[in-house]
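Read the numbers this way: they start at 1 and go in the same order the structure lists the ligands and their atoms.
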Amino acid sequence: MLVSLEGLDGSGKTTVWESLKETYPEAVFTREPTESWYGDAVSRSISADDADPLAELFLYTADHADHLSRVIRPALADGDLVISDRYSDSRYAYQGATLADSTIDDPVAYVQSIHEPFTRSPDLTIYLDIDPETAAERSGKTNKFEQSAYLKRVQQNYQRLIDATPGRFVQVDASQPPKQVLTDVREQLDAVL
Ligand SMILES: Nc1ncnc2c1ncn2[C@@H]1O[C@H](COP(=O)(O)OP(=O)(O)OP(=O)(O)O)[C@@H](O)[C@H]1O
Ligand SMILES: Cc1cn([C@H]2C[C@H](O)[C@@H](COP(=O)(O)O)O2)c(=O)[nH]c1=O
């Protein structure tokens with residue numbers, strides 16, 4: 001089973017992901033961007049304020065393709081539970097927002113369309129729901145993505161994804177104290193495992 005954790009920067013995904021390692025020690029824990037050289041290229045792009053948004057999309061997508069073939073598909077073939085801190089929805093929501101002012105009519109649909117022939121959808125996506133202002137504050141506003149105006153667009157894209165496939169998503173109130181967020185996430189996971 002493939003479970004993804006999604007949400008705005010600062011929503012608390014990594015905090016939850018780290019804690020889940022104690023709860024599910026047998027699971028495969030992974031993340032996007034990855035730590036491969038494709039992920040390194042993505043990190044360079046995140047730090048580049050003048051990165052071309054389309055080039056950046058394809059860097060993230062290359063990292064995802066490598067992640068799928070090297071980590072995700074082999075783990076699922078072995079019957080493992082895989083828990084990923086960010087996955088394809090991050091691309092739909094974030095690059096959907098970055099490309100909003102481009103010549104592409106519907107960037108979210110476009111980004112989905114380039115994934116559709118090769119990706120593997122998560123079985124469950126836990127969305128940590130938080131408002132963009134709190135998200136930006138918590139994340140420290142250290143890069144171009146961690147700005148509340150941009151995160152507002154990202155949030156709208158996530159909402160569109162949730163509305164399109166409500167059965168795949170569960171939403172957890174990420175404004176709660178960390179302990180309660182973790183309890184809610186564990187409850188949701190235990191219900192499906
Ligand atoms: N429920 C919470 N309440 C208050 N602060 C929190 C909560 N969860 C996490 N934090 C704090 O917010 C900051 C960001 O948390 P974390 O790195 O887990 O978020 P994230 O969603 O993984 O962010 P990013 O996507 O930017 O990596 C950290 O300082 C963390 O301690
Ligand atoms: C996977 C992915 C990530 N992003 C953005 C979101 C964050 O601002 C950074 C790095 O992620 P992290 O969780 O803070 O390590 O990259 C993105 O725009 N598109 C993606 O596909």
Return yes when at least one protein heavy atom is under 4.0 Å from atom 28 (C) of ligand 1, and no when none is.
-> no
Protein heavy atom at shortest distance from atom 8 (O) of ligand 2 = D9 OD2, 2.6 Å
Do we see a donor-acceptor contact under 3.5 Å between the side chains of S88 and H64?
-> no
Per-atom filter on ligand 2: closer than 4.0 angstrom to a heavy atom of I46 are 9 (C), 10 (C), 16 (O)
Atoms of ligand 2 less than 4.0 Å from Y94 heavy atoms?
-> 6 (C), 17 (C), 18 (O), 19 (N)
Ligand 2 atoms nearer than 4.0 angstrom to some heavy atom of E32 are 1 (C)
Return yes if a side-chain donor-acceptor contact under 3.5 Å exists between Y38 and R70, otherwise no.
-> no
Can a non-hydrogen atom of P178 be found less than 4.0 Å from any atom of ligand 1?
-> yes
For R31, take its heavy atoms, then give the atoms of ligand 2 lying under 4.0 Å from any of them.
-> 12 (P), 13 (O), 15 (O)
Can any side-chain N or O of R44 pair as donor or acceptor with the backbone N or O of I46 at less than 3.5 Å?
-> no
With a 4.5 Å heavy-atom cut-off, do D173 and D129 have their side chains touching?
-> no
Identify the protein heavy atom lying closest to atom 14 (C) of ligand 1, giving its residue, its atom name and the separation to 0.1 Å.
-> G10 CA, 3.9 Å
Test item: S84 side-chain N/O and R86 main-chain N/O as donor-acceptor pair under 3.5 Å | yes
Return a yes/no value for V181: is any of its N or O atoms, backbone included, closer than 3.5 angstrom to an N or O of ligand 1?
-> no
For atom 11 (O) of ligand 2, find the nearest protein heavy atom and state the residue, atom name and distance (0.1 Å precision).
-> R86 NE, 3.5 Å
Can you pull out the closest protein heavy atom to atom 13 (C) of ligand 1? Residue, atom name and distance to 0.1 Å, please.
-> R138 O, 3.7 Å
Is the shortest distance from a heavy atom of Q180 to ligand 1 less than 4.0 Å?
-> no
Could you pull out the closest heavy-atom pair between Y110 and I104, with the gap in Å?
-> CB-CG2, 3.7 Å
Between R168 and D123 the two heavy atoms that sit nearest each other are CG-O, 4.2 Å
Looking only at side chains, do Y87 and T30 share a donor and an acceptor under 3.5 Å apart?
-> no
Side chain S45, main chain V42, donor-acceptor under 3.5 Å | no
Considering only heavy atoms, does P177 approach ligand 1 within less than 4.0 Å through its side chain, its backbone, both, or neither?
-> backbone
Where is the nearest protein heavy atom to atom 1 (N) of ligand 1: which residue, which atom, and how far?
-> Q176 O, 2.8 Å
Atom 21 (O) of ligand 2 sits nearest the protein heavy atom R91 NH1, 2.6 Å
Side chain of D131, backbone of E133: donor and acceptor closer than 3.5 Å?
-> yes
Going by atom types only, do D184 and Q188 share a side-chain donor-acceptor pair under 3.5 Å?
-> no
So is R86 close enough to ligand 1, meaning a heavy atom under 4.0 angstrom away?
-> yes
Heavy-atom contacts with Q95 under 4.0 Å: which atoms of ligand 2 show up? List them by number with element.
-> 17 (C), 18 (O), 19 (N), 20 (C), 21 (O)
Contact check, D85 vs ligand 1, heavy-atom distance below 4.0 Å = no
Would you mind finding which of Y87, F145, Y60, Y150 brings a heavy atom closest to atom 4 (N) of ligand 2?
-> Y60
Give yes or no for whether the N/O distance cutoff of 3.5 Å, strictly under, is met between S11 and ligand 1.
-> yes
Compute whether any side-chain donor of one residue and acceptor of the other, for E6 and Y158, lie under 3.5 angstrom apart.
-> yes
